[in-house]
Amino acid sequence: MATSNPGTKSVPLSITEDEAAVYDRQIRLWGLEAQQRMRNATILMVRLKGVATEAIKNIVLAGIGKLIVVDADDVAEQDLGAGFFFRDEDVGKKRVDAAKARIESLNPLVAVQTVSDPSALEDNALEPLLAGVDMVCVTDVDRTTLVRLNDTCRRLGKPFYSGGTYGLLGYIFCDLLQHDYIAPDRSAQKDAAKNVKNTATYVPLRTALQHRWTGMTRRQTKEVNPAIPFSVLALWEYQATHGGALPDDPMAAQELEEIANKLIGAADVNKQVLPNIPRELIETLATTAAHELSPVCAVVGGLLAQDILKALAAREPPIANFFTFDGNLGGGTVVRMGMP
């Protein structure tokens with residue numbers, strides 16, 4: 001079942017004096033109604049790694065109503081690099097237990113709930129959990145888990161985001177169902193500028209993964225830097241055949257290369273632009289994909305939060321629908337995968 005988001009529907013415009021003082025700048029920027037939509041929203045964040053840490057910081061400071069964080073893992077030493085909610089003494093504690101008070105301290109106006117039960121995302125518990133949220137964001141998990149959670153969200157009519165990093169690479173995918181938003185009418189005369197209502201129709205991840213690049217010109221293909229999306233897709237396929245583990249050995253490069261080239265061929269990518277996946281990129285991924293780099297997490301997490309807030313505010317078009325970031329170049333591109 002796919003339902004439209006609250007989008008451009010009207011919401012009560014009441015707001016407390018404390019909120020007006022805290023969010024004054026945002027209200028001037030987005031308007032009171034957009035701020036109210038954020039204030040009424042409950043966001044579910046799954047897995048508290050580096051990308052989620054950055055995204056949580058930004059959406060909590062922006063003033064969402066409630067945040068629910070689900071993560072059953074303990075803080076590990078490697079989490080201390082990109083996970084700025086954690087301290088040395090937190091190693092061995094549950095991630096959500098270590099981070100909760102620090103998340104709350106960012107903005108006391110936001111309610112924070114944490115879940116450390118590993119069964120919370122299993123089928124019998126998942127639907128009741130999702131019933132009470134307005135949007136779901138899943139970070140740094142494997143493709144099988146992403147597809148399963150996205151399918152459940154779509155069945156329940158919940159907008160869905162996912163994101164993650166793999167060394168110097170990162171991605172964001174979103175499925176916002178039928179998303180209504182307000183944007184400037186760029187066709188109008190400058191002295192008669194006005195806003196117009198638009199609707200974007202999104203697709204689930206399982207549909208996006210079947211996307212074929214047939215019909216894209218050489219220039220169009222080159223502009224989206226296709227080696228990076230296919231590197232991410234190859235990593236997902238690698239995980240699927242290695243019990244969810246990411247490569248962390250130069251010896252994995254050969255298998256990764258074969259997977260990526262097979263995906264490129266099946267998707268009918270313009271061979272003039274990308275005949276094969278670059279070997280140097282694959283060799284780097286084979287040794288770095290399993291590791292978080294704080295600057296990359298900051299960029300991807302910041303963009304993820306920005307898009308979540310944009311979707312909640314129903315102002316300007318969100319990502320449509322697969323964004324990838326290349327830390328080697330310091331830039332990112334968006335590929336429209338499977339969307340009409």
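The two residues Ile68 and Val133 come nearest to each other via the heavy atoms CD1-CG1, 3.9 Å. Between Leu256 and Pro247, the closest heavy-atom pair is CD1-CG, 3.8 Å. Taking each heavy atom of Glu54 and Cys297 in turn, the nearest pair found is CB-O, 3.9 Å. Scanning all heavy atoms of the two residues, the minimum distance from Leu146 to Phe160 falls at O-CZ, 3.9 Å. In plain terms, the two heavy atoms of Gly92 and Asp74 that are nearest each other are O-CG, 3.7 Å. Contact detail for Lys57 and Phe84: the closest heavy-atom pair is CD-CZ, 3.9 Å.
Put simply, the side chain of Arg315 never gets that close to the backbone of Ile182: no donor and acceptor are under 3.5 Å apart. No donor-acceptor pair closer than 3.5 Å links the side chain of Asp268 to the backbone N or O of Arg212. Gln239 places no side-chain N or O within 3.5 Å of a backbone atom of Asp142 that could act as its donor or acceptor partner. With hydrogens and angles disregarded, no donor-acceptor distance shorter than 3.5 Å links the side chain of Thr201 to the backbone of Leu177. Side chain of Asp140 to backbone of Thr165: a donor-acceptor contact under 3.5 angstrom is found. Checking side-chain atoms of Asp151 against main-chain N and O of Arg148 turns up no donor-acceptor pair under 3.5 Å. For Asp307 (side chain) and Ile319 (main-chain N/O), a donor-acceptor pair under 3.5 Å exists by modelled atom type.
Rounded to the nearest 0.5 Å, atoms NZ (Lys66) and CG (Asp134) are 11.0 Å apart. How far OH of Tyr161 is from CG of Asp175: 10.5 Å, rounded to the nearest 0.5 Å. Rounding to the nearest 0.5 Å places CG of Leu312 at 9.5 Å from CG of Leu176. Interatomic distance, Arg39 CZ to Ile64 CD1, rounded to the nearest 0.5 Å: 13.5 Å. Atom-to-atom distance recorded for Leu129:CG and Asn124:CG is 11.5 Å, nearest 0.5 angstrom. If you take SG on Cys174 and CD1 on Ile308, they are separated by 9.5 Å, rounding to the nearest 0.5 Å.
Between Val96 and Val115, every side-chain heavy-atom pair lies at or beyond the 4.5 Å cut-off. For the pair Pro317/Asn198, no side-chain contact is recorded, criterion being any heavy-atom separation below 4.5 Å from C-beta on. Residues Leu281 and Ser231 are in side-chain contact: their nearest non-hydrogen atoms beyond the backbone lie under 4.5 Å apart. Proximity of Leu48 to Thr53: side-chain heavy atoms (C-beta onward) are separated by under 4.5 Å at one or more points. Counting only heavy atoms from C-beta outward, the side chains of Phe85 and Ile56 approach each other to under 4.5 Å. Residues Asn270 and Thr217 have side chains not in contact (no heavy-atom distance under 4.5 Å, counting atoms from C-beta outward). Arg143 has its side chain within reach of Glu237: a pair of non-hydrogen atoms, C-beta onward, lies under 4.5 Å apart. Between Pro318 and Tyr202, the closest side-chain pair of non-hydrogen atoms falls below 4.5 Å.
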Test Val46 against Thr145 for side-chain contact (heavy atoms from CB on, under 4.5 Å), laying out the working first.
CA-CA 11 Å; Val46 176; Thr145 303; over 6 Å; no
Go through it in stages, so that I can follow the logic: the residues are Asn225 and Thr324, the test is side-chain contact (heavy atoms from CB on, under 4.5 Å), and I'd like the CA-CA distance, side-chain angles, deciding distance and then a yes or no.
CA-CA 9 Å; Asn225 194 10; Thr324 53; over 6 Å; no
Just do the side-chain contact (heavy atoms from CB on, under 4.5 Å) check on Leu149 and Leu126 with the steps written out, would you?
CA-CA 9 Å; Leu149 295 178; Leu126 182 58; 3.6 Å; yes
Output, in order, the C-alpha distance, side-chain angles, deciding distance and verdict of side-chain contact (heavy atoms from CB on, under 4.5 Å) for Cys137 and Leu304.
CA-CA 9 Å; Cys137 182; Leu304 176 59; 3.6 Å; yes
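Val296 and Val334 fall within a single hydrophobic cluster, where Ile, Leu, Val, Met, Phe, Trp and Tyr are joined by side-chain heavy atoms under 4.5 Å apart, directly or via other members. Both Val69 and Leu80 are members of a single hydrophobic cluster when ILVMFWY side chains are connected at heavy-atom separations under 4.5 Å. Note: the hydrophobic cluster containing Phe322 also contains Ile259 (ILVMFWY, side chain heavy atoms under 4.5 Å, direct or indirect links). Under the 4.5 Å side-chain contact rule for hydrophobic residues, Val273 and Ile264 do not share a cluster.
Taking a cutoff of 4.0 Å between a charged side-chain nitrogen and a carboxylate oxygen, Glu258 and Lys262 do not qualify as a salt bridge. Residues Arg47 and Asp73 are paired through a salt bridge, judged by an N-O separation under 4.0 Å between the basic side chain and the carboxylate.
Within the structure, salt bridge (charged side-chain N to carboxylate O under 4.0 Å, His left out) contacts touching residues 99-121 (residues at least two apart or in different chains) are Asp90-Arg102, Lys100-Glu104.
Between Tyr171 and Tyr166, the ring planes lie parallel to each other; the angle is under 30°, not in the 30° to 60° tilted range. His211 and Trp213 have tilted rings, their planes meeting at an angle from 30° to 60° on a 0 to 90° scale.
Annotation for Glu77: atom CD does not count as buried by contact number, only 12 or fewer foreign heavy atoms lying within 6.0 Å.
Of the candidates Val147, Leu130, Leu121, Val136, Leu130 is the only one forming a side chain to side chain contact (heavy atoms under 4.5 Å, CB included) with Thr152. Tested against Glu257, the residues Ile277, Asn276, Leu285 include a single side chain to side chain contact (heavy atoms under 4.5 Å, CB included) partner, Ile277.
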